[in-house]
Protein chains: 2
Amino acid sequence: MGRDRATLADVARRAGLSKTAASMVLNGREGTRLSAEAHQRVFAAAEELGYRPNIAARSLRTRKTATIAFVSDIVATTRFAGGLIRGALDAARERDHVLLITETQGDAAFEQYAIEAILDRQVDGVIYAAMATRRLVVPPAILGGPVVLLNATSSTQLPCVLPDDRGAGATVAEALLAQGHRDRIALIGRNRQKERDPEISLAAEARLDGIRDTLAAAGVTLLTEVFCPEWRPEHGYAATRTLLSRPERPSAIICMNDRLAFGAYQALGESGLTIPDDLSVISFDDDPIASWLRPGLTTAALPHEQMGRRAVELLLDGEGQGPALVPMPLRRRRSITAPAG
Amino acid sequence: MGRDRATLADVARRAGLSKTAASMVLNGREGTRLSAEAHQRVFAAAEELGYRPNIAARSLRTRKTATIAFVSDIVATTRFAGGLIRGALDAARERDHVLLITETQGDAAFEQYAIEAILDRQVDGVIYAAMATRRLVVPPAILGGPVVLLNATSSTQLPCVLPDDRGAGATVAEALLAQGHRDRIALIGRNRQKERDPEISLAAEARLDGIRDTLAAAGVTLLTEVFCPEWRPEHGYAATRTLLSRPERPSAIICMNDRLAFGAYQALGESGLTIPDDLSVISFDDDPIASWLRPGLTTAALPHEQMGRRAVELLLDGEGQGPALVPMPLRRRRSITAPAG
DNA sequence: ATGCTCTGCTAAATCAGTTTAGCGACGAGG
DNA sequence: CCTCGTCGCTAAACTGATTTAGCAGAGCAT
C-alpha cells in the first residue's frame, strides 16, 4: 500500500529549497516571507511528483489525524443506521476527514476495545451514536477530546443531535386534523417502559406529547390508545385486531412507528377494510417499507442523514451551527384521507 | 483526545532501561538477550503507567497501521450492508484491527477522494465492496497493497468473497420439489439486463442456473417465467397479477428476491388467495421484511455477516482460509407447503 | 596476557512531517 | 563606518515509536 510515495524532502529537493520552505508553502502559512517564485517552484514540484503528505508523520507532530471516530452501540449495522453514517460520511468528506467506525454491541469489553483503538489512533473527535434515540452513559476516557452524541443525550453537558420527535407528533396530529379527523383518532403503540425510561427511548414520550398537545389545542382527545409490548409488526397486527373488535371504529390510526403500521396494514387487509377509504393510517420513521406498502404509508421521517451531517458539523465546526434538534419531515403518501361518513 | 499519555520513553525510564529494551520486551521479540528481571520491570512499568503505544508513531516506522479500509460503492448505507460491515468489524476486532469506512456512491470524484484518504493513511489493506453482487473495475492506485473484493469480482486476479447464488437457486428448487411441487412452479423476476450484464448483477444468472439445473435433474421445467424491469415490490405485484390472469394457476412462485415476494404477497392478498394453502411462495435474500410478512417468507438468506468476516480473514490471514463462495442458508418459515389438489 | 565468544544492554539512526530559532545579505539611518 | 531592521531562507529539534549497530564486561581457552 502506497510505497514509493514522494516525501516532502523529495519536493523540497526538486524545488531547490529546504523542507521547511516546502512545508510552509504547502500549508499556506501566513507571515512567511518566501518569494512568489519559491511558492511557484514548490507547487510545481509537488504537482510533478504527485506529492501527498503522510498523515501519520504529520499527526505525530500536530496531533491532528483528520479522522473522526464513529462509535455506536449497534447502530452501524441496522437498517436505520445507514443514513446516520452516510450523512456523517458526506459531511466528513466535505471537511477532508475520514470516519473510523466501531461498534460496541452494548458489550463492555467491546466498548473498551473501541475506546482504546480510538485513543491509540489519536482521532480528532468522537461521534457517539445510539440506535434508538435514548439517554446513555459516555465512557469518561473519551472525554479528553471533542465528543458529539448522535441520536442520544447524556447527563453530562455534551452537544448532541436528536430528531424532533415532539414536532413530529405535532405534524402527524395536524395532518389528521387537516383532513377533518376529530374524535375518532386511535393510537397504537403506547408502551409504559419506553415512555418512562429515557435509557430506552426518548422518542416515545416526545411523540406522544406532540400528538396530545396538538389535538388538545384543537379541542380533540384520542378515541383510544392501545398498548404494545414492543414496536414490531406482530404487535401492530395484534393491537389493530384489538382495536377493530371494539364497538366504535376509529376513522384514523396513528402508529408509533412504521413497523407497527405494517402490522396494522396486515390486520386491516384481513378484515377487508380499505386504507385510506375506510380508515386512515399515519406513522413515524419512514422505514423503507413505508413506500412499499399499498397504499404508500404517510409517515414522519427520521432525518438520519441530516442528523449524521449535523453531528460532524457540530464536532468540527463548533456549536454555532444551529439547532441540534433535527426536524422530521412528513412523507405524504396515500394512507390518509378525509374520514368516511 | 488522549493527551498526557505515557510514552515508551516514560516506560523505559521507570523501568530503568533504554527505549530499545522497553520496545523489545513489549513487542515480545525473540532472540533478545534481556534478562527475565528486565522483562518484569518493563511490564510492570507499562502496566503502572497505563502505557499504550502511539499507532501513528509506530506506523511511521513499520508501515503497519492495524487499519483496514472498507470502500464501498454505496453498500455501507444500505439496509443490506449492515451485516457486511458488522461481520468485517467483528473479524477485524478479533485481529486487533480497525475499519476505516468510505463510500464512493459510484461517483468518480468521491472514489478519488476515498483512495487518496486511504493511501494517505497507509492502511494495511482494502476491502472493496459492492452493494449488488457484480463485477467491477478496481482503481489501480489501491493495487499497491492487499485487496479483497466483497460481494464482487473483477477481471483482475484478486481474491473475492461472493454469496453462493447458484447453490441458493438449487436450495430453493429443492425445497419446492421436496414439498411435492412439480410442473406448476412459476418464477417471477427474470430480467435480461441483470442476467446478461455482470456489471449489474452476478446473482440473477447464478440463481436462475441453480433453479433450472435442479429442476431439470428432477425432470421438471418451469411452468412460466415473468419478466420484471426491476426487482422492487411494485414489479413483483404487477408480475403476480399477470401470472394470476393466466389460465393455469401455479402451485408455487419463486421470486428472485424478497422485495418481489413482498409485491407478490400484496397481489395474492388482493386476489383472496391464501399463502401457502393456495400457493407457495419462496424467495432469496432474507430481507428483514421476510420475517414480518404473514405468513413468514421462506427465503435463501444472503450471508452478509459471514461474507464480511471472510473478507477480513482473506485480507489478513491469507488465502488459505477456505472457499470464498459463502453458502446461502434457507430460512424456513411458513410460506411453502405441499401443493393443493 | 591475549584473544574470543557470549551475555545483557544501549546509542543513534530512521520514518516523514512541523516548528523553532536564527543566519547571511542588503539597504537605510545616524 | 557602524548599527539596525527586514528579507528570504535554512538547520536542527521534535513528535514516538522501531531497528541497526555496537559496547562493556564476564568467562574461557590459549
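Note: hydrogens, waters and symmetry copies are ignored here, and every other heavy atom, side chains too, is used. Sequence lines set the chain letters: A, B, ... in the order given, protein chains first and strands last, and positions in each chain run from 1. This structure is a prediction, so every number in the text was calculated from the model and none was measured.
Scanning all heavy atoms of the two residues, the minimum distance from B/G16 to B/R41 falls at O-NH2, 3.9 Å.
No salt bridge links A/R309 with A/E305; every basic N to acidic carboxylate O contact stays at or beyond 4.0 Å. A salt bridge is absent between A/E103 and B/R93: the closest approach of a Lys/Arg side-chain nitrogen to an acidic carboxylate oxygen does not fall below 4.0 angstrom. Ion pair B/D73/B/R134 flagged as a salt bridge, since at least one NZ, NE, NH1 or NH2 atom sits closer than 4.0 Å to an Asp/Glu carboxylate oxygen.
A cation-pi arrangement is not found for A/R5 relative to A/Y51, the charged atom failing to lie both closer than 6.0 Å to the ring centre and inside a 45° cone about the ring normal.
A straight line from NZ of B/K19 to C1' of C/dG8 spans 19 Å, rounded to a whole angstrom. The distance from atom NZ of B/K64 to atom P of C/dT14 is 22 Å, rounded to the nearest whole Å. Distance, A/L8 CG to C/dA16 P: 11 Å, rounded to whole Å. Here the P atom of nucleotide C/dG17 and the CZ atom of A/R13 are 12 Å apart, to the nearest Å. In this structure, CZ of A/R5 is placed 16 Å from P of C/dC15, rounded to the nearest angstrom.
Note on B/S18: a side-chain N or O is less than 4.0 Å away from OP1 or OP2 of C/dT10. Taking 4.0 angstrom as the limit, B/S35 places a side-chain polar atom (N or O) nearer than this to OP1 or OP2 of C/dC9.
If you check every strand for non-hydrogen atoms under 4.0 Å, A/S23 touches a base. Looking at heavy-atom distances under 4.0 Å, B/T20 makes contact with a base.
Boundaries of the chain B contact region on DNA chain D are D/dG16 to D/dT20, first to last in 5' to 3' order (nucleotide atom under 4.0 Å from a heavy atom).
At a cut-off of 3.5 Å, with distance as the only test, a side-chain donor of A/T67 or B/R121 sits close to an acceptor on the other residue. Under 3.5 Å, the side chains of A/Q105 and B/D90 contain a donor-acceptor pair of N or O atoms.
Within residues 51-61 of chain B, the residues that place at least one heavy atom under 4.0 Å from DNA chain D are, in residue-number order, B/Y51, B/R52, B/P53, B/N54, B/A57, B/R58, B/L60, B/R61.
Where A/A9 and A/M24 each meet DNA chain C at their nearest nucleotide, the meeting point lying more 5' is that of A/A9. Ranked by how close their nearest DNA chain C nucleotide is to the 5' end, A/R33 and B/R41 are led by B/R41.
A side-chain contact (heavy atoms from CB on, under 4.5 Å) with A/I127 is found for one member of A/L84, A/V71, A/I68 and no other, namely A/I68.
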Give the intermediate values and the outcome of side chain to side chain contact (heavy atoms under 4.5 Å, CB included) for residues A/L34 and A/V25.
-> CA-CA 8 Å; A/L34 291 161; A/V25 168; 3.8 Å; yes

